[in-house]
Amino acid sequence: MTSPSPLDVLTAGVESYSPYLQDSGELHDPVFDEPTQYGTAYHALCQAVLAVTGPPAERARHLDNARRALDAALTHTADPTLEPTGSSFSRANGSVRRSNHRDFTWPPILKTFRILRDAGDERSAEFAERIAAVDITQSFRSRPPSNWASVWLSGEWIRIREGLSPHTVRDVDGWLGEFLADLLRPDDGFYFEPGKPNSYDLFTRFHIADLLVEGYDGRHREDLESLMATGLARSLAVQLSDGSLASAHRSAGQTWTLGAQIAFFTQAERFFSARGDRTRARQAGEAASRAFASMRRWQRPASTFSPVENLLPAGYRVGYETYTGDGHYANLALAFLACAVQAGFRADKPAVLERPPAVRAEHVPTFRGVAHTGRYSVAVNADPAPAYDGFGITDLTFGPGRHLQFASSVRHVESGGFLNLGSATRAGGVRGEIDVLAQRTFTLDAPIEGTERADGAGLRLSARGEDGAPYQLEVSVGPAGVEVEESTPGVVANRTLLIPYLRDLGSGTETVVERTPDGVRLVHGVEEIAIGVDADVEAMVHLPYGFENRRGLCGLVRLDLAGPAEGVRFHVAVVR
């Protein structure tokens, strides 16, 4: 069976939201039945791209949908006195809070306008007048160096290029100067957001790169070209082997991060191809295909495209963050894909399974590390945000096209405590109370160490708890699997290995847990993962319910080990 193409995925996703496009042009969220944040503007862009790339028989309909949605998005963006759209959504009681997110609407509005104009749309002149009349100082609340300002800035550059703006390239130079002056280091990322999320580094890099794509020729052009190289290097490093983004604070498990990767890596491939840099161009093309291999998994059967990396019904809101709504976040994901499709992305590069050994270890300001070899990727977080992740191994993935992955920390729904694949110390005997290391607060003794060898890569971190007790984590990633040693040197205690796993992502297949002599096997349809521990297992407890993460409903396996010992050594490998 042929896998769906990028255009197939885009078409299916956009059509899944077409029933929620109102006569007024506003896109309503399928759960909360009202416009949310910037969903209408991005849906307009999706419809516009399909009007020029989709099936010819449907192009007139897509063009009409794009026209109506652009009308509504432009009306709301131009008048900041209108009620803000929904921006925070309660899973507990269905309430909605609203705030001004008009900053995000400017690029899709300008890009949709250009498509309509080039198609000869009868309202193009009217739209041009309305776009020219927008006062961005009143409509948009953020200013450089805020990440959000990079979004409206990329849209404003298009308005300047179209001759519809009162601003000039000198204004853009000034705004970019704010970004570049406050950038921590070009190879570390754009971190003007609490928690320093990987997702918003990617988000900002796309919009800064879009300035180059759109012909920016001001005094910072060389700086932006340099950021393309450092941005590609970092974005490659934090892309996991299944194509998703390494967990780090907010938005990591949202499908827009997949769409943004596809769009950014497509930009990078074209940029480096034009400069004859075949190695970087190839790496970017392969990374775009990896991200697409992940993105195409998240079209819910007979329902809307998912804004999160699971297929559970939208009303469950599993994997959602408070600001996540289907209306805007799913359409943001699809719009990034639409931009890549319009730029020529066809997923014709293989979603490479066997990646060469590579590692990235970051100290200040992120305190994170990622290691890759073959089909395996591991991410560790030594300074997790309490509301998003636990300490230690946050991700362990097994390559594209698979569903069973350890992708983000697992949360116990009742207590709110996070669990990672890792260990705990145990008071008393079997099934006694435990102290989960992933839930402790540690301070690094030294920067995370990353190592690369011909046959693998590794990460090592040394830290101390609030009580001064030492802690060490060593992870080795090789072609045959992942070896982990987690210890508290000098502290001998009874040990427990905790295995929080993805049980149900909404696909109709659930993970089955099988006990083995040295641990467990996790079987999810045709996928099978083995986890073995280098110690005798005295008892196993399996709790299949009451846990969640960004990928879906989860379970927990607890292996109580014969002890005592200073640490635990275990290994993880793909069986099939």
Side-chain angles (χ1 to χ4, degrees), residues 25 27 37-53 62-63 65-80 100-121 123-142 144 148-169 171-172 175-176 203-204 206-218 224 259-260 263-264 267 328 331-332 334-343:
L27 181 73
Q37 293 191 14
Y38 36 80
T40 299
Y42 281 102
H43 188 73
L45 178 56
C46 291
Q47 294 279 3
V49 170
L50 287 180
V52 295
T53 63
H62 288 305
L63 198 65
N65 288 342
R67 181 190 308 114
R68 289 189 291 126
L70 175 60
D71 185 9
L74 186 52
T75 296
H76 192 264
T77 295
D79 187 354
N100 179 10
H101 280 75
R102 291 172 174 85
D103 305 57
F104 286 21
T105 66
W106 211 216
I109 283 174
L110 269 296
K111 291 179 180 183
T112 302
F113 159 72
R114 287 192 310 191
I115 293 173
L116 291 176
R117 181 203 58 201
D118 293 347
D121 187 82
R123 296 185 64 183
S124 296
E126 171 205 337
F127 286 138
E129 290 181 5
R130 291 167 62 185
I131 288 170
V134 173
D135 183 349
I136 63 173
T137 65
Q138 297 299 312
S139 289
F140 305 145
R141 69 177 185 176
S142 62
W148 291 8
S150 70
V151 188
W152 65 252
L153 173 55
S154 68
E156 186 63 13
W157 173 250
I158 298 175
R159 187 167 74 146
I160 293 170
R161 293 273 288 182
E162 294 296 330
L164 300 174
S165 174
H167 300 288
T168 68
V169 66
D171 295 311
V172 175
W175 291 323
L176 282 174
F203 190 71
T204 306
F206 167 80
H207 288 96
I208 294 297
D210 214 34
L211 286 162
L212 285 177
V213 171
E214 294 290 349
Y216 168 73
D217 55 359
L224 300 198
F264 173 73
Q267 289 172 327
H328 58 278
N331 282 274
L332 176 61
L334 293 165
F336 278 127
L337 177 61
C339 289
V341 168
Q342 191 178 22

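For the single chain, residues carry numbers from 1 onward in sequence order. When reading the values below, keep in mind they use all heavy atoms of this one structure, side chains included, and skip hydrogens, waters and symmetry mates.
Atom CD of Gln267 and atom CZ of Phe206 lie 4.5 Å apart (nearest 0.5 Å). Distance check: Asn65 CG to Cys46 SG gives 11.5 Å after rounding to the nearest 0.5 Å. For the atom pair Phe336 CZ and Phe264 CZ, the distance stands at 11.5 Å (nearest 0.5 Å). Taken from NE2 in His43 to CZ in Arg68, the straight-line distance is 8.5 Å, to the nearest 0.5 Å.
Looking at Asp217 and Arg161, no side-chain N of the basic residue comes within less than 4.0 Å of a carboxylate O on the acidic one, giving no salt bridge. Arg114 has a carboxylate O that lies under 4.0 Å from a charged side-chain N of Glu214, or vice versa, which qualifies the two as a salt bridge. Here Arg159 does not pair with Glu162 in a salt bridge; the nearest charged N to carboxylate O distance is not below 4.0 Å.
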Side chain to side chain contact (heavy atoms under 4.5 Å, CB included) for His167 and Ile136? Distances and angles first, verdict last. CA-CA 10 Å; His167 300 288; Ile136 63 173; 3.7 Å; yes

Check the pair Trp106, Glu156 against side chain to side chain contact (heavy atoms under 4.5 Å, CB included), reporting the backbone distance first and the verdict last. CA-CA 7 Å; Trp106 211 216; Glu156 186 63 13; 2.8 Å; yes

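For the pair Arg130 and Asp71, the minimum side-chain heavy-atom distance is below 4.5 Å. Between Leu176 and Leu211 the shortest side-chain heavy-atom distance falls below 4.5 Å. Ile160 places none of its side-chain heavy atoms less than 4.5 Å from the side chain of Val169. Side-chain contact between Leu50 and Leu63: absent, with no pair of heavy atoms (C-beta onward) separated by less than 4.5 Å. Looking at Ile158 and Pro107, their side chains never come closer than 4.5 Å, going by heavy atoms from C-beta outward. Contact annotation: the side chain of Leu224 approaches that of Tyr216 to within less than 4.5 Å [non-hydrogen atoms, C-beta and beyond]. Looking at His76 and Thr40, their side chains never come closer than 4.5 Å, going by heavy atoms from C-beta outward.
A donor-acceptor pair under 3.5 Å links the side-chain atoms of Arg141 to the main chain of Asn100, judged by distance alone. With Ser124 contributing its side chain and Asp121 its backbone, the two residues share a donor-acceptor pair below 3.5 Å. Between the Asp171 side chain and the Thr168 main chain, a donor and an acceptor come within less than 3.5 Å of each other.
Considering every non-hydrogen atom in both Thr204 and Ser150, the closest pair reads CG2-OG, 3.7 Å. Closest heavy-atom contact between Ala69 and Ala44: CB-CB, 3.5 Å. Residues Trp152 and Pro144 approach most closely at CZ2-CD, 4.2 Å, considering heavy atoms. Annotation for Ala263 and Ala340: closest pair CA-CB, 4.1 Å, computed over non-hydrogen atoms. Scanning both residues, Ala41 and Pro108, for their nearest heavy atoms gives O-CB, 3.5 Å. Here the closest heavy-atom approach between residue Val134 and residue Ser139 is recorded as CG1-OG, 4.0 Å.
Between the side chains of Thr105 and Thr77, at least one donor N or O lies within less than 3.5 Å of an accepting N or O. No side-chain N or O of Thr112 forms a donor-acceptor pair with one of Arg67 less than 3.5 Å apart. Using modelled atom types and a 3.5 Å distance limit, the side chains of Gln342 and Thr53 yield no donor-acceptor pair. Using a 3.5 Å distance cut-off with no hydrogens or angles, the side chains of Ser142 and Asp103 do pair a donor with an acceptor.
Ring pair Trp157/Trp175: centre-to-centre distance not below 6.0 Å.
Applying the salt bridge (Lys or Arg N to Asp or Glu O under 4.0 Å) test to pairs two or more places apart or on separate chains, none has a residue in residues 37-48.
Annotation: ring-ring contact (aromatic ring centres under 6.0 Å, His included) contacts of Phe104 (sequence neighbours excluded): Tyr38, Trp148, Phe203.
Exactly one residue among Leu45, Leu70, Val49 makes a side chain to side chain contact (heavy atoms under 4.5 Å, CB included) with Lys111. That residue is Leu45.
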